[in-house]
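Hydrogens, waters and symmetry mates are skipped; everything else that's a heavy atom, side chains included, is used.
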Amino acid sequence: MTKSFSFGLLTASMLALSTGAAFADYELNILHINDFHSRIESINKFDSTCSAEEEGKKECFGGAARLKTAIDQRRQALSGKNVLLLNAGDNFQGSLFYTTYKGAAEAEFLNLMKFDAMTVGNHEFDDSEDGLATFLDKVQFPVVTANVRATAASKLGDRIKPSLVLDVGGQKIGIVGAVTNDTAELSSPGPNVTIADDVQSITSAIQDLKGQGVNKIIALTHVGYPRDLALIAKIPDVDVVVGGHSHSLLSNTDPKAEGPYPTMVDNPGGYKVPVVQAASYSKYLGDLVVNFDDNGVVKDAKGDPILIDSTFTPDPAIIARIAELAKPIEELRKKVIGSSDSPIEGDRKVCRVKECSMGNLVADAMLDRTKNQGVTIAVQNGGGLRASIDGGEVTQGEVITVLPFQNTLATFELTGADVVKALENGVSQIDQGAGRFPQVAGLKFSFDQSKPVGSRVSDVQVGNGGSFAPIDPAKTYKIATNNFMRAGGDGYSIFKEGQNAYDFGPDLADVTAEYLAAHSPYKPYTDGRVTEMGAMVAQAPAPAPAAPAPTTEPAPAPAAPAAPTPAEPAPAAPAPATPAAPAPAAEPAPAASAPAATTPSTHVIAAGDTFWDLAVTFYGDGTLWRKLSDANGKPNPHHLTVGKEIEVPAK
């Protein structure tokens, strides 16, 4: 190992004087959560607030009360051992509790869980530094984020430290935090807070920790699983990475996991670094056991996230407190605004990579509200859609859970050429699962992910009555979006240049609720307004397109068609938060052309393929995915190139 540490020459007598404990292995148990997103109450399978009926059927997960029980039980089971409880950020935003109490409720319940440390996430800045400052006033545990730089005028003061040292079982454990570099784009930190480079900031903080004699260092990050793998775990002297931001489920048993738990990464220092993350919304509690040698080098690491399901009895004191806090918002939450014929798909794994029915609902609602102002195009960022809605009655609370940011409807004017630039931005980071993916209305376009960023979009057409016509680069169009995007959020800097802008329209959740109510019972649908060309090429050849477009185009937005395209099917294995290629509306089944691999063969990567799924197809065992990876030069498993032919070695 070349992890940077040094020893003096130890004589035999010095060794004899040393205690046995000094050179014994050290075991550290790390419990962790990330991306709590104000899920104070338990959630259902759609990540929305669980109903009393669902609770009765034992169909609920997570929530503060269950999470507290799970943490307490795990701590009890580990009594006498070395245990840390870590929080990897994004506790804000996602329910009426945050909308109402602005972080105070989250702080109260997190305090009861007794976290040892937390890093901030980008959503901690959604109400500027003011909201975070109030949160910091209330929390009773340290917050560490090395790349948050607050000026003297900031209300944050010096309360967010780059790192800290904890004494756990007589050993010094260093914890250094970081938040995603694009926080200023994703949220609103304000003029008094700067977000510095994560890698440089962590590297600098580690040098300080080493100066204090610390040789066991945990990077507590909110930068996303891909970046943790590619960069954070390779920083010299980082021993463990506990992450968040990408909502990544890592598991050794769940076939839908993005990777194993932990994912072991080769550090250039010659040792392996375990990387973990525990999905989101309080549904899982990460549970990692790390063994260090006396030099602070990880010898081994193992674990798996704990699914916080109905087998965990919610903490009764927290249940009572939640009920008390819920009283002021209960009437609003329970108001039934309409119904939906079937679930409305708002999962981040879908809406950040392709057209989704929730995106169509929201974009249609925006366009419908502003059409009398001459608006012809609406654009909503996929990352602004925070949950799905199940079929049946729809309440105001469910809509607010989908759109919790209190964004307002914004209108402005933009040339056709700039609209295309905005769409290029929207499809520029699909492989990272970024929230900028454009859900649109009054507009349709195609994109090819295999092409260079900035030249992926084609065939942009704008609605004109009941038909569509190619966009005119020189023409000025009236656009509707949300005020976050209009201000340049999610990389839509071109929107800031819009003319005749008005950013203070009604709350987007109210706009959506009123539209849904006016079209109740609502029929969720997708209609091909966003088409991925690479995905089409990747499908098995056919004499004619599998699903030709209707000869008469659907109306651009104001109402769901009388006979809409069927609701978008859920893929057999949902695309990960950082998918290699988004699945088309009808995902091809690789098994159709993939017999059991008793002899070597080849396979052409289709949209939605993962090495895990292919290993299941060819070998009947997803854990053999590394055989495929090794045979093809170990490509990044989250960036498989659609259309590329790979070797399938014999089992």
Chemist: Which residues pass the side chain to side chain donor-acceptor pair (under 3.5 Å) test with S42, not counting sequence neighbours?
Modeler: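 In terms of side chain to side chain donor-acceptor pair (under 3.5 Å), with neighbours along the sequence ignored, S42 is linked to E55.
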
Chemist: Taking side-chain contact (heavy atoms from CB on, under 4.5 Å) as the definition, give me every residue that meets it alongside T49, ordered by chain and number, with sequence neighbours left out.
Modeler: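 With neighbours one apart ignored, the set is E41, R333, T401.
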
Chemist: Ignoring hydrogens, what is the shortest heavy-atom contact between F141 and N111? Give both atom names and the distance.
Modeler: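 For F141 versus N111, the nearest heavy atoms are CE2-OD1, 3.5 Å.
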
Chemist: For the pair D167 and K172, find out whether any cationic side-chain nitrogen is under 4.0 Å from an anionic carboxylate oxygen.
Modeler: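 K172 and D167: not salt-bridged.
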
Chemist: Short question: side chain of T99, backbone of S95 - any donor-acceptor pair under 3.5 Å?
Modeler: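 Answer holds: yes.
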
Chemist: Rounded to the nearest 0.5 Å, what's the gap from CZ on F36 to CG on L67? Could you check?
Modeler: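 Taking CZ in F36 and CG in L67, the distance rounds to 6.5 Å.
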
Chemist: Check whether any side-chain N or O of D293 sits under 3.5 Å from a backbone N or O of V297 as a donor-acceptor pair, and report yes or no.
Modeler: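 Looks like yes, one N/O pair under 3.5 Å.
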
Chemist: Tell me whether the count of non-hydrogen atoms from other residues, nucleotides or ligands lying under 6.0 Å of CD in E393 goes above 12.
Modeler: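 For E393, atom CD is not crowded (no more than 12 foreign heavy atoms under 6.0 Å).
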
Chemist: Could you measure the distance from the CD1 atom of I175 to the CD1 atom of I218? Nearest 0.5 Å is fine.
Modeler: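 So the CD1 of I175 and the CD1 of I218 are separated by 5.0 Å.
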
Chemist: Pairs in or reaching into residues 75-87: which pass side-chain hydrogen bond (donor to acceptor under 3.5 Å, both in side chains), with residues at least two apart or in two chains?
Modeler: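 Checked against side-chain hydrogen bond (donor to acceptor under 3.5 Å, both in side chains) - neighbours excluded - the pairs reaching residues 75-87 are N87-N91.
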
Chemist: Do you know which of R348, R352, Q439 makes side-chain contact (heavy atoms from CB on, under 4.5 Å) with L385?
Modeler: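 Testing each of R348, R352, Q439 against L385, the sole residue satisfying side-chain contact (heavy atoms from CB on, under 4.5 Å) is Q439.
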
Chemist: V394 and V399: which non-hydrogen atoms are nearest, and at how many Å?
Modeler: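 Here V394 and V399 meet closest at CG1-CG2, 4.0 Å.
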
Chemist: What residues, two or more places apart in sequence or in another chain, satisfy side-chain contact (heavy atoms from CB on, under 4.5 Å) together with A70?
Modeler: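 L285, I308, F312.
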
Chemist: Apply side-chain hydrogen bond (donor to acceptor under 3.5 Å, both in side chains) to residues D490 and N381 and explain how you reach the verdict.
Modeler: CA-CA 8 Å; D490 265 343; N381 55 325; 2.9 Å; yes

Chemist: Could you work out, with side-chain contact (heavy atoms from CB on, under 4.5 Å) as the rule, every residue matching L231, not counting sequence neighbours?
Modeler: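 For L231 the side-chain contact (heavy atoms from CB on, under 4.5 Å) partners, ignoring immediate neighbours, are V199, R227.
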
Chemist: Please enumerate all residues that pass salt bridge (Lys or Arg N to Asp or Glu O under 4.0 Å) together with K334, with sequence neighbours excluded.
Modeler: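 K334 satisfies salt bridge (Lys or Arg N to Asp or Glu O under 4.0 Å) with E330 once adjacent residues are dropped.
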
Chemist: Tell me, please, which residues at least two apart from D47 pass side-chain contact (heavy atoms from CB on, under 4.5 Å).
Modeler: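 Counting only residues at least two positions away or on another chain, D47 forms a side-chain contact (heavy atoms from CB on, under 4.5 Å) with R39, I43, Y281.
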
Chemist: Determine whether the side chains of S187 and N122 contain a donor N or O and an acceptor N or O closer than 3.5 Å.
Modeler: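 On atom types as modelled, these side chains do not qualify, holding no pair under 3.5 Å.
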
Chemist: Looking only at the side chains, is there a donor atom on one of Y98 and D127 sitting less than 3.5 Å from an acceptor on the other?
Modeler: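 The answer is yes; a qualifying pair exists.
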
Chemist: Taking E398's backbone N and O only, do any of them form a donor-acceptor pair with T395's side chain (distance below 3.5 Å, no angle check)?
Modeler: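 Judged by distance alone, yes, a pair lies under 3.5 Å.
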
Chemist: Applying salt bridge (Lys or Arg N to Asp or Glu O under 4.0 Å), can you list everything that pairs with K57, at least two apart in sequence or on another chain?
Modeler: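 K57 satisfies salt bridge (Lys or Arg N to Asp or Glu O under 4.0 Å) with E53 once adjacent residues are dropped.
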
Chemist: If every non-hydrogen atom of T69 is compared with every non-hydrogen atom of D315, which pair is closest and at what distance?
Modeler: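 Looking at all heavy atoms of both residues, the shortest contact is OG1-N, 3.2 Å.
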
Chemist: Walk me through it: do E27 and V290 pass the test side-chain contact (heavy atoms from CB on, under 4.5 Å)?
Modeler: CA-CA 6 Å; E27 179 183 284; V290 184; over 6 Å; no

Chemist: List the steps and the verdict of side-chain contact (heavy atoms from CB on, under 4.5 Å) for M264 and V273.
Modeler: CA-CA 5 Å; M264 303 300 289; V273 174; over 6 Å; no

Chemist: What pair of heavy atoms forms the shortest contact from Y261 to H32, and how long is it?
Modeler: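 Y261 and H32 have their closest heavy atoms at OH-NE2, 2.7 Å.
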
Chemist: Give me the atom names and distance for the closest heavy-atom approach of D239 to I217.
Modeler: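 That closest heavy-atom pairing would be OD2-N, 2.8 Å.
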
Chemist: List in chain and number order the residues that pass salt bridge (Lys or Arg N to Asp or Glu O under 4.0 Å) with K302, two or more places apart in sequence or in another chain; answer none if no residue qualifies.
Modeler: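 Testing K302 for salt bridge (Lys or Arg N to Asp or Glu O under 4.0 Å), a comparison that skips the adjacent residues, returns none.
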
Chemist: Is D304 reaching over with its side chain to a backbone N or O of D287, donor-acceptor style, under 3.5 angstrom?
Modeler: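 Not at all, since once roles are kept as given, no pair shorter than 3.5 Å links the two residues.
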
Chemist: Taking the six-membered ring of F61 as reference, does the NZ or CZ atom of K45 fall below 6.0 Å from its centre and within a 45° cone about the axis?
Modeler: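 Relative to the ring axis of F61, which defines the angle, K45 lies outside at least one limit.
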
Chemist: With D266, which residues qualify under side chain to side chain donor-acceptor pair (under 3.5 Å), at least two apart?
Modeler: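 Listed in chain order: K272.
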
Chemist: Pair R66, D309 - check salt bridge (Lys or Arg N to Asp or Glu O under 4.0 Å), show working.
Modeler: CA-CA 8 Å; R66 271 196 184 85; D309 58 14; over 6 Å; no

Chemist: Do N34 and H245 have side-chain N/O donor and acceptor atoms under 3.5 Å apart?
Modeler: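 Side-chain D/A pair, N34 to H245: absent.
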
Chemist: Please give me the minimum heavy-atom distance between I202 and G177, naming the atom from each residue.
Modeler: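 Of all heavy-atom pairs spanning I202 and G177, the closest is CG1-O, 4.3 Å.
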
Chemist: Are S357 and E345 linked by a side-chain donor-acceptor pair shorter than 3.5 Å?
Modeler: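 Absent: no donor and acceptor within the cut-off.
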
Chemist: Over 60° means perpendicular and under 30° means parallel, so tell me whether H37 and H123 are parallel, tilted or perpendicular.
Modeler: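 The rings of H37 and H123 stand perpendicular, inter-plane angle above 60°.
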
Chemist: Between CG of L84 and CG of L28, what distance do you get to the nearest 0.5 Å?
Modeler: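 Between atom CG of L84 and atom CG of L28 there are 5.0 Å.
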
Chemist: Would a distance-only check, ignoring hydrogens and angles, find a side-chain to backbone donor-acceptor pair under 3.5 Å from H222 to A88?
Modeler: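 Yes.
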
Chemist: Have T526 and E355 got a donor and an acceptor in their side chains that come within less than 3.5 Å?
Modeler: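 No, no side-chain donor-acceptor contact under 3.5 Å.
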
Chemist: For E108, enumerate each residue passing the salt bridge (Lys or Arg N to Asp or Glu O under 4.0 Å) test, keeping only those at least two apart in sequence or located in another chain.
Modeler: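 Salt bridge (Lys or Arg N to Asp or Glu O under 4.0 Å) list for E108, sorted by chain: R321.
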
Chemist: side-chain contact (heavy atoms from CB on, under 4.5 Å) between D254 and Y284: does it pass, once the steps are laid out?
Modeler: CA-CA 13 Å; D254 192 324; Y284 292 89; 4.1 Å; yes

Chemist: Hey, is the main chain of S51 close enough, under 3.5 Å, to the side chain of E54 for a donor-acceptor pair?
Modeler: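 Answer holds: yes.
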
Chemist: Before giving the answer on side-chain contact (heavy atoms from CB on, under 4.5 Å), spell out for M118 and F135 the whole-Å C-alpha distance, their side-chain angles and the decisive distance to 0.1 Å.
Modeler: CA-CA 12 Å; M118 166 192 151; F135 179 80; 3.7 Å; yes

Chemist: Which residue pairs satisfy the disulfide bond (SG atoms under 2.5 Å apart) criterion with at least one member in residues 38-71, sequence neighbours excluded?
Modeler: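 Passing the test, one end in residues 38-71: C50-C60.
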
Chemist: Nearest 0.5 Å, please: how far is CD in Q396 from CG in L96?
Modeler: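 Reported value, rounded in 0.5 Å steps: 8.5 Å.
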
Chemist: Are Q277 and S246 close enough that a side-chain donor and a side-chain acceptor fall under 3.5 Å?
Modeler: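 Checked: Q277/S246 side chains pair up, N/O donor to acceptor below 3.5 Å.
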
Chemist: Quick one: does any side-chain atom of E185 pair with a main-chain N or O of D182 as donor and acceptor, under 3.5 Å?
Modeler: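 No; judged by distance alone, with no hydrogens or angles, the pair does not exist.
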
Chemist: Between D198 and N147, does any side-chain donor sit less than 3.5 Å from a side-chain acceptor?
Modeler: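 Short answer, no.
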
